[in-house]
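A quick write-up on the structure given underneath.
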Amino acid sequence: MIRFLLRALAAAAGFWVASPLLRGVQVANTESLLAAGLLLGVINALVRPILILLTLPLTILTLGLFLLVVNGVTVWLVTVFIRGVHLHGPLDAILTALIISVVSWIAGGFIDSGIRDHRRTA
């Protein structure tokens, strides 16, 4: 559960990083940011595997590049449910998904190494 919350915070940080970098991404306040991170975690756990399975032929045909669109759709779904986060187009959704992925990847390295260090000392 702690790992999920840390990863949700990393996703929220990704939204936070994307908002000043991309003109089409706007986050109203910190509450919206945290809610978006949590909801993105839930959508990635529940909806994204179904989307990947349904779009598998396109993903194979495009050599995996269609996963960028799937990730963009998951980010767009967050904006449907969270009123304080706005995207102005599909390209903004895809670029935001890329930024969130990079931020989450970096944060995941810190999270995993912190957990490994904690296990060694315990």
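Excluded from the calculations below are hydrogen atoms, water molecules and symmetry mates; all remaining heavy atoms, backbone and side chain alike, are included. For reference, positions follow the sequence shown, starting with 1.
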Less than 3.5 Å apart, which donor and acceptor atoms pair up between the side chains of residues 68-79 and the rest of the protein, not counting sequence neighbours?
{"from": "N71", "atom 1": "OD1", "to": "R48", "atom 2": "NE", "distance (Å)": "2.8"}
{"from": "N71", "atom 1": "OD1", "to": "R48", "atom 2": "NH2", "distance (Å)": "3.1"}
{"from": "N71", "atom 1": "ND2", "to": "L67", "atom 2": "O", "distance (Å)": "3.4"}
{"from": "T74", "atom 1": "OG1", "to": "N71", "atom 2": "O", "distance (Å)": "2.6"}
{"from": "T79", "atom 1": "OG1", "to": "W76", "atom 2": "O", "distance (Å)": "2.5"}

For residues 49-62, run the donor-acceptor check on the side chains, cut-off 3.5 Å, and write out each pair with its distance to 0.1 Å, sequence neighbours left out.
{"from": "T55", "atom 1": "OG1", "to": "L51", "atom 2": "O", "distance (Å)": "2.7"}
{"from": "T59", "atom 1": "OG1", "to": "T55", "atom 2": "O", "distance (Å)": "3.0"}
{"from": "T62", "atom 1": "OG1", "to": "L58", "atom 2": "O", "distance (Å)": "2.9"}
{"from": "T62", "atom 1": "OG1", "to": "T59", "atom 2": "O", "distance (Å)": "3.4"}
{"from": "T62", "atom 1": "OG1", "to": "F66", "atom 2": "N", "distance (Å)": "3.1"}

Under 3.5 Å, side-chain donor or acceptor atoms of residues 91-100 against the rest of the protein: list the pairs with distances, not counting sequence neighbours.
{"from": "T96", "atom 1": "OG1", "to": "D92", "atom 2": "O", "distance (Å)": "2.6"}

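Considering every non-hydrogen atom in both A18 and V25, the closest pair reads O-CB, 4.1 Å. Among all heavy-atom pairs drawn from V85 and A36, the shortest one is CG2-CB, 3.9 Å.
The stretch residues 16-32 participates, sequence neighbours left out, in these side-chain hydrogen bond (donor to acceptor under 3.5 Å, both in side chains) pairs: Q26-H88, N29-S32. Pairs passing the side-chain hydrogen bond (donor to acceptor under 3.5 Å, both in side chains) check and including a residue from residues 100-110, sequence neighbours excluded, do not occur.
From N44, atom CG reaches atom CG of L39 across 9.5 Å, with rounding to the nearest 0.5 Å.
V27 and L21 fall within a single hydrophobic cluster, where Ile, Leu, Val, Met, Phe, Trp and Tyr side chains are chained together by heavy-atom contacts under 4.5 Å. Linking Ile, Leu, Val, Met, Phe, Trp and Tyr residues whenever their side-chain heavy atoms come within less than 4.5 Å places V17 and F15 in a single cluster.
For V42, the side chain to side chain contact (heavy atoms under 4.5 Å, CB included) partners at least two apart in sequence or on another chain are F4, L46.
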